[in-house]
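By convention here, the first residue in the shown sequence is residue 1. For the numbers below, each heavy atom of this structure counts, side chains included, while hydrogens, waters and symmetry mates do not.
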Amino acid sequence: MRLGLQSMFYKFAWGYQEWQEVIKETDNKHIDLVCCRRDTVSLQAVVSSNEEFLLTKSKDTLFWKAGPIDIGRIEVEVDGAIDIEVKLVGLIPDDNGTLVSDMLLDQSYVYVDKRRPQQVWIECRIDENVKPGKYKGKVKLYTHTMFEDELLQEECSFSVTVKDVVMPEPKDYTFYLDLWQHPSNIARKYEVELWSEEHFFILDNYLHSLAQLGQKAVTLIVSEIPWSGQGSLGDKEPSDLFEYNMIRVTRKSDGSFHYDYSALDQYVEIAEKHGILAEIELFGLLNIWQIPETGYGAIVTDYPDAIRIRYFDVVTNTYRFIRKKSELEDYIHALEAHFIRRGWSEKVRVLADEPADFAVFQTRVQQLQQLAPSFKLKVAINHAEFIQKDIPGIHDAVPIISCAANDYYRLQDVRSQLPGKLLYYVCCWPKHPNSFISSPSLECRLIPWIAEKLGLDGFLRWSYTAWPDRPREKISYRPTIWPAGDTCLVYPGIGGKPLLSLRYKWLQRGIRDYEIMQMAKQSGRTEWVNSMLNRVLKFQDPSQICKFDTPEDVYSLRHEDYECLLQEW
């Protein structure tokens, strides 16, 4: 059994492995790390053998169900008051069936096939009270079989240099992160009743994980299936991707409607508890996705959008849908009044996800603004026309990265007229840069660097938990359009908690890089920040970002170039 160390950005794809190549993965025996106070720094241990084995991080007794087998035990220690978290790394099939490392597992041990490197995530947490200086750590591999005594098989070392710089709390990050949430999908995967006590317990854990990234927005669904199930009916193996209204609507015996906002309010309050305070984003009021030829069209025929509101009729004891324009307008009026009453109206953003027809979108915006004038608009833009033309009432604009790059100079002109934030997003496109399973690991870290280089406020992604039906078994879904990993950054774990991913951790490191850049600029080191950006990002003109043959043409694939940000602070 062999032990070696790799950087936090090490990723393994399991295909044809010659033993000599596997040995090279464990050649490195020492790593030097640098971080701030109130920060984390990570590395990976790699364990491999020419025979199958079990690897555990626990001190508990362990036998293998299939009989005698070698057992390795990882132990990590470090000087000083530095907390250590150790996670085994799990594999997930990519679109081509290749197993690629991504999941940070909660289990204490894992079976490892012969000649397969097994990654171990090691994270050092440094709180604000840790004194600056250099700390030493060790990674030890103990082995035994059956009733043999354990032997220290191998030992590697690492150091952590703590800088005299204190990172802000995640809730105070300046990077504006907006990862859309899918609470109905979470309920399905954990098999709990929608908006039940069990559901909110789980949602609390997921909002906590978002808060650790510095998430700014909470996602509310205020009508039925605003994305029409992402068009899943067209898939060979459809997955349930429907998101449902958080508001319970009842039609009383006198014909009036009652709106129960308790689930919506509870979700916002949990987000606030975790410091997600900047924005309340509403889905389901604007630019509803329609597939009318298959039944997913508008049901209020004289309203310009396809808003669908389900209600319970106490007289008939049946569920129905609002079909009168006047009743839909009352619903929107009441929703606006509720946010005003709760003191949340300034935070509300009505989301329009990728509108395609400019004239139709203008009509829909005008109608909504007449009904709820306090609601501000936020638009995810994938058509350059929506940047080149002015749309009254847009508060926040989020162009896809290709639009942000190709229309960079137009955006700079528009920005002075934009009251709110200017972000960018990636989704199933482009191939690079992105955060797919197949993406180079540094592309997740790169996301905030691009925002800084283009002078944007942050980043948006549509899919924190938009899992297909069996995400722990197969995250690949609709591979001709959505590359594996497009649908999520975390996985459903046991006990109602998310399993974080390597991609989550890589993005988190990039966000912390961004915060370091902001602190450096505030201390008068703008030119130094620019030199760091130029070391990593190679393009001269923003339009080059999505026009290249290989990633190396646009950005560095050497993690050392990114680490200079901390090392040279």
Q: For a salt bridge (charged side-chain N to carboxylate O under 4.0 Å, His left out) check, start with the C-alpha distance between Asp513 and Arg445, then their side-chain angles and the critical distance, and finish with the verdict.
A: CA-CA 8 Å; Asp513 292 342; Arg445 186 177 192 175; 2.6 Å; yes

Q: Heavy atoms, side chains only, cut-off 4.5 Å: are Leu335 and Leu285 in contact?
A: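 In contact.
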
Q: Is the ring pair Trp227/His182 parallel, tilted or perpendicular, if the boundaries are 30 and 60 degrees?
A: tilted

Q: Excluding sequence neighbours, so at least two apart, what forms side chain to side chain donor-acceptor pair (under 3.5 Å) with Ser7?
A: none

Q: Could you check if a side-chain atom of Leu460 sits within less than 4.5 angstrom of a side-chain atom of Lys378, using non-hydrogen atoms only?
A: yes

Q: Can you sort out the partners of Lys171 under side chain to side chain contact (heavy atoms under 4.5 Å, CB included), two or more places apart, ordered by chain and number?
A: Glu169

Q: Nearest 0.5 angstrom please: Leu423 CG to Lys216 NZ, how far?
A: 11.5 Å

Q: With salt bridge (charged side-chain N to carboxylate O under 4.0 Å, His left out) as the test, would you mind laying out the steps for Glu329 and Lys324 before giving the verdict?
A: CA-CA 9 Å; Glu329 290 175 339; Lys324 293 181 180 180; over 6 Å; no

Q: Strictly by modelled atom types, are Ser239 and Arg188 linked by a side-chain donor-acceptor pair under 3.5 Å?
A: no

Q: Does one side chain, of Tyr176 or Glu279, offer a donor that lies under 3.5 Å from an acceptor on the other?
A: yes

Q: Evaluate the ring planes of Tyr477 and Trp482, with Trp represented by its six-membered ring, and classify them as parallel (under 30°), tilted (30 to 60°) or perpendicular (over 60°).
A: tilted

Q: Just checking, is any N or O donor in the side chain of Asp95 or Ser476 under 3.5 Å from an acceptor N or O on the other one?
A: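 The answer is yes; a qualifying pair exists.
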
Q: Where is the tightest heavy-atom contact between Ile340 and Ser345, given as atom of each residue plus distance?
A: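 Smallest heavy-atom distance, with atoms named: CG1-CB, 3.8 Å.
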
Q: Just wondering, do Phe175 and Phe459 contact through their side chains at under 4.5 Å, heavy atoms?
A: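 When only atoms from C-beta onward are counted, Phe175 and Phe459 do touch, with a gap below 4.5 Å.
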
Q: Got a donor-acceptor contact below 3.5 angstrom from the Glu128 side chain to the Arg38 backbone?
A: no

Q: Sub-3.5 Å donor-acceptor pair from the side chain of Arg503 to the main-chain atoms of Leu500, do we have one?
A: no

Q: Side chain to side chain contact (heavy atoms under 4.5 Å, CB included) with Pro498: which of Thr465, Leu489, Asn205?
A: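 Result for side chain to side chain contact (heavy atoms under 4.5 Å, CB included) with Pro498: Asn205.
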
Q: Assess, by modelled atom type and distance only, whether the side chains of Trp180 and Glu243 contain a donor and an acceptor separated by less than 3.5 Å.
A: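 Side-chain D/A pair, Trp180 to Glu243: absent.
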
Q: Test Asn382 against Tyr425 for side-chain contact (heavy atoms from CB on, under 4.5 Å), laying out the working first.
A: CA-CA 9 Å; Asn382 69 341; Tyr425 77 94; 3.2 Å; yes

Q: Hey, is NZ on Lys431 packed in by over 12 heavy atoms from elsewhere, all under 6.0 Å?
A: no

Q: Do we see a donor-acceptor contact under 3.5 Å between the side chains of Tyr504 and Gln212?
A: no

Q: Is there a salt bridge (charged side-chain N to carboxylate O under 4.0 Å, His left out) between Asp102 and Lys505? Walk through the geometry before answering.
A: CA-CA 10 Å; Asp102 193 46; Lys505 292 293 186 179; over 6 Å; no

Q: Arg310 and Asn245: side-chain donor and acceptor closer than 3.5 Å?
A: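 Distance-only check fails for Arg310 and Asn245.
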
Q: Decide ring-ring contact (aromatic ring centres under 6.0 Å, His included) for Tyr331 and Tyr259; before the verdict, give the C-alpha distance in whole Å, the side-chain angles of both, and the deciding distance to 0.1 Å.
A: CA-CA 8 Å; Tyr331 174 84; Tyr259 310 109; 5.6 Å; yes

Q: Quick one, Asp106 with Lys87, criterion side-chain contact (heavy atoms from CB on, under 4.5 Å). Give me CA distance, side-chain angles, the key distance, then yes/no.
A: CA-CA 7 Å; Asp106 280 335; Lys87 296 276 189 179; 2.6 Å; yes

Q: Start with the C-alpha gap between Asp305 and Gln367, add the side-chain angles, then the distance that decides, and say whether side-chain contact (heavy atoms from CB on, under 4.5 Å) holds.
A: CA-CA 9 Å; Asp305 216 331; Gln367 176 71 80; over 6 Å; no

